[in-house]
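When a residue number appears, it is its place in the shown sequence, counting from 1.
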Amino acid sequence: MKHKFILLVLIITSYSSVSIAQSYTVQSPDGKIKATVGLQDKINYSVTHEEDVVLAPSPISMQLSNGESLGVKPRLKNSKRNSVNETIQAPVYKRAQVKNNYNELVLNFRGDYSVIFRAYNDGVAYRFATNKKKDFNVLNEEATFNFNADHTAIVPYVKQERETSIEEQFWNSFENTYTHSPLTKLDSERLAFLPLVVVVAKDKKVVITEADLESYPGMYLINKNGNTALTGVFAPYPKKIEQGGHNKLQLLVKERENFIAKAAGTRTFPWRAMVISSEDKELADSDMVYKLASPSRVKDVSWIKPGKVAWDWWNDWNVSGVDFRAGINNPTYKYYIDFAAANNIEYVILDEGWAVNLQADLMQVVPEIDLQELIAYGKQKNVDIILWAGYHAFDRDMENVARHYADMGVKGFKVDFMDRDDQQAVDFYYRAAEVAAKHKLLLDFHGAYKPTGLQRTYPNVINFEGVHGLEQMKWSSPEVDQVTYDVTMPFIRMLAGPIDYTQGAMRNATRGNYRPINSEPMSQGTRTRQLAEYVVFESPINMLADNPTNYMKEAESTKFISAVPEVWDNTVALEGKIGEHIAIARRKGKEWYVGALTNWDAREMELDLSFMGEGNYKAEIFKDGINADRVASDYKHEIISVPQNRKLKISMAPGGGYVARIYQE
């Protein structure tokens, strides 16, 4: 009997060891990407692409306030597999339909939690899910990204001084240029915000980001130990908040809790996503975040109207040749409305200044502004009004503000200066989106973290900043290289979703001639570059950053900008190399638009347009003039025939661009 008991113990022990060493795999539909999930002391996973190691085994876990640690000593109940191949209808996006094709592995564990892995042809994602009876707090989440070599990383650090503490870095505007560095040389005292890139085997790229970030803090990454790993960092939940910051429109966290999130017992957590590419251009046309986001909660989207916006703030209200004093007043905004109407521009925005300063009260309008008169004047000319709002001013009286101004005829709000992504701040985005949708208002989130799919869940959330945009040229020194940023960001930040970059400068500067002038700002690079950015950059509500006086002097450029669509039926990434150049084609109806940008190197390219199909095509083009390397505003506008072989040869000046509208004869 004793021997039988020992044998039974050995069998159980042997079975447990096998169980602990269990591994599961999930592959992309095309078989090129494979995620392997190991169940040892912790859940860990690794990723390969065509047998190249993308991610070495990396542990994941979640520590709860009740003493549980999800993912630690996991006890598997069962596993399930699922395959999906569907088409998502995308009403406000860079294509009308999104192919959603993936294989899924669901691992259900004792302790009422699961981990879900998905493998797409362009990447991998995972998320935790719980099914508990009681609510809990999340003390911390272990999100580790281990790499098998000292790869190069391309990261946007939080824009703070190095001496700033980690705690202080949680308050930031999510806009910075990119640092290229070996993983081991990343600054161990500075947070990097998402998305970011790691260059792995054979120059393949992996972009790390997150999706479906609802009721949870955003993830930063850091390399604390000088090794080849990146580790997730999350802002703890606010404990004490005070009004302050820019014009008292922000909420400043003075003290934080010892946990990062309050969680309902049953819920899913954000997706940790990795987009993998063999060619850089694939990153500029990724749908990963959109695919992972929760479906739309807005049943009727027919009222959501993308469009162009005549914008006041960047150009400092500096109109000229008029008989009124320009500024924040009705005569100035009527001038903007007249300009918008003459150029078929859908909106005029009233940026900061229309509400009484330092009050954080959107019901107090300055005496120089009669909103009802402006709205009525715009309506006569088929131009609608969008209002700027500081974060706290909008948040403190959200329902009342939304109802009041929607009833008045305002069509949306640009909400600014959140500058946080802790759970409380993230919750604000969702509340604002829901309330705005209820009152049929658009939202443009400025001073915002990167998109994580909210634009799919609430399509009335039409744009996000979280980008080092043209506004930086009002104050940035010549050492700030915006031109190189422009051909880096589309492969990284734009992968997450639309960007409130605010292009359209009519004052343009070569590398040696640029300087910051706050009241009469200029762009780095050529005029044609500014036009091309309306095609290259994804932005469903797109600003014309310069002032109407300048646009009226540049009728050809203005006419073209005004006509470029804001949402598209299809998008094709043509060419691209991070930090060097990019070319994108987008279709609306029967017309194709092609936009290309280069860095500070003059460049010739041959674009393959064979996807357009049979027929004879003409192209209205803007290209850099022969002297654009000396006078950045020099351009040539002409009509050409698209070659029958569909090979379009283009050339760009240093800091230049190229843009074309292609149509059938």
Side-chain angles (χ1 to χ4, degrees), residues 86-100 212 214 287 289-291 293-310 337 340-341 343-349 374-376 378-387 389 394 398-399 401-415 429-445 451-464 497-500 534 538-543 562-571 586-591 593:
E86 63 181 5
T87 298
I88 301 169
Q89 302 302 316
V92 186
Y93 196 51
K94 62 189 175 187
R95 53 175 50 86
Q97 296 181 324
V98 176
K99 185 178 180 181
N100 191 31
D212 217 21
E214 183 170 5
D287 294 316
V289 170
Y290 197 90
K291 290 183 292 191
S294 292
S296 177
R297 297 172 188 170
V298 182
K299 293 181 179 179
D300 174 21
V301 298
S302 61
W303 58 271
I304 299 173
K305 186 174 76 170
K308 298 288 190 328
V309 184
I337 290 169
N343 291 278
N344 297 312
I345 294 167
E346 290 84 355
Y347 300 100
V348 166
I349 191 167
L374 288 179
I375 292 166
K379 188 174 182 180
Q380 293 173 6
K381 302 200 169 198
N382 201 30
V383 176
D384 288 318
I385 299 296
I386 293 173
L387 298 176
F394 191 76
M398 188 187 298
E399 176 67 36
V401 165
R403 181 181 62 253
H404 174 75
Y405 285 110
D407 289 347
M408 189 181 287
V410 168
K411 297 302 180 182
F413 282 91
K414 172 184 174 180
V415 187
Y429 283 68
Y430 278 81
R431 285 189 294 106
E434 183 178 14
V435 170
K438 173 183 172 183
H439 294 285
K440 296 187 176 180
L441 292 168
L442 305 178
L443 286 180
D444 173 9
F445 283 125
T452 58
L454 183 60
Q455 67 275 22
R456 179 184 173 194
T457 310
Y458 287 96
N460 60 306
V461 178
I462 206 163
N463 221 349
F464 303 80
I499 49 172
D500 194 12
Y534 284 92
E538 181 191 351
S539 189
I541 194 157
N542 218 334
M543 306 289 174
S562 301
V564 176
E566 296 78 34
V567 294
W568 306 89
D569 296 325
N570 197 15
T571 291
R586 304 189 192 272
R587 179 178 62 82
K588 184 69 173 180
K590 295 181 178 180
E591 292 189 337
Y593 285 76

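- When atom types are taken as modelled, the side chain of S539 and the backbone of I499 share a donor-acceptor pair closer than 3.5 angstrom.
- The two residues V92 and P540 have their closest heavy-atom pair at CG1-CB, 3.8 Å.
- The closest side-chain heavy-atom distance from N460 to V298 is below 4.5 Å.
- Residues W568 and E538 fail the side-chain proximity criterion, which asks for heavy atoms closer than 4.5 Å.
- Side chain of K308 to backbone of V564: a donor-acceptor contact under 3.5 angstrom is found.
- Considering all non-hydrogen atoms of both residues, A433 and L454 come closest at CB-CD1, 4.4 Å.
- Within the model, atoms CD1 of I385 and NZ of K379 stand 13.0 Å from one another, a figure rounded to the nearest 0.5 Å.
- Shortest non-hydrogen contact noted between G453 and V289 is N-CG1, 3.5 Å.
- With N343 contributing its side chain and I345 its backbone, the two residues share no donor-acceptor pair below 3.5 Å.
- Heavy-atom neighbours of K588 NZ from other residues, nucleotides or ligands within 6.0 Å: above the threshold of 12.
- Here the straight-line distance linking atom CG of N463 with atom CE of M543 works out to 7.5 Å at 0.5 Å rounding.
- Screening I349, V348, L441 against I386 for a side chain to side chain contact (heavy atoms under 4.5 Å, CB included) leaves a single residue, I349.
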Name every donor-acceptor pair, under 3.5 Å, that has one atom in a side chain of residues 402-415 and the other anywhere in the protein, sequence neighbours excluded.
from, atom 1, to, atom 2, distance (Å)
R403, NH2, N400, OD1, 2.8
Y405, OH, L362, O, 2.5
K414, NZ, D351, OD2, 3.0

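- Every residue meeting the side-chain contact (heavy atoms from CB on, under 4.5 Å) condition with R95, not counting sequence neighbours, appears here in chain and number order: Y93, V98, D285, D287, N570, T571.
- Checked against ring pair (Phe, Tyr, Trp, His ring centres under 6.0 Å), Y347 has no partners two or more places apart in sequence or in another chain.
- Heavy atoms only, all atoms of each residue included: A432 and F394 are closest at CB-CE2, 4.0 Å.
- Rounded to the nearest 0.5 angstrom, I462 CD1 and L442 CG are separated by 5.0 Å.
- Using a 4.5 Å heavy-atom cutoff, the side chains of T457 and S294 are in contact.
- Side-chain contact check for E434 versus R297: every heavy-atom pair is 4.5 Å or farther apart.
- Rounded to the nearest 0.5 Å, atoms OH (Y429) and OH (Y458) are 15.5 Å apart.
- Expressed to the nearest 0.5 Å, how far CD1 of I88 lies from CZ of R456 amounts to 4.0 Å.
- The nearest pair of heavy atoms linking Y593 to A563 is OH-O, 3.5 Å.
- Here the CG atom belonging to D212 is positioned 7.5 Å from the OG1 atom belonging to T452, to the nearest 0.5 angstrom.
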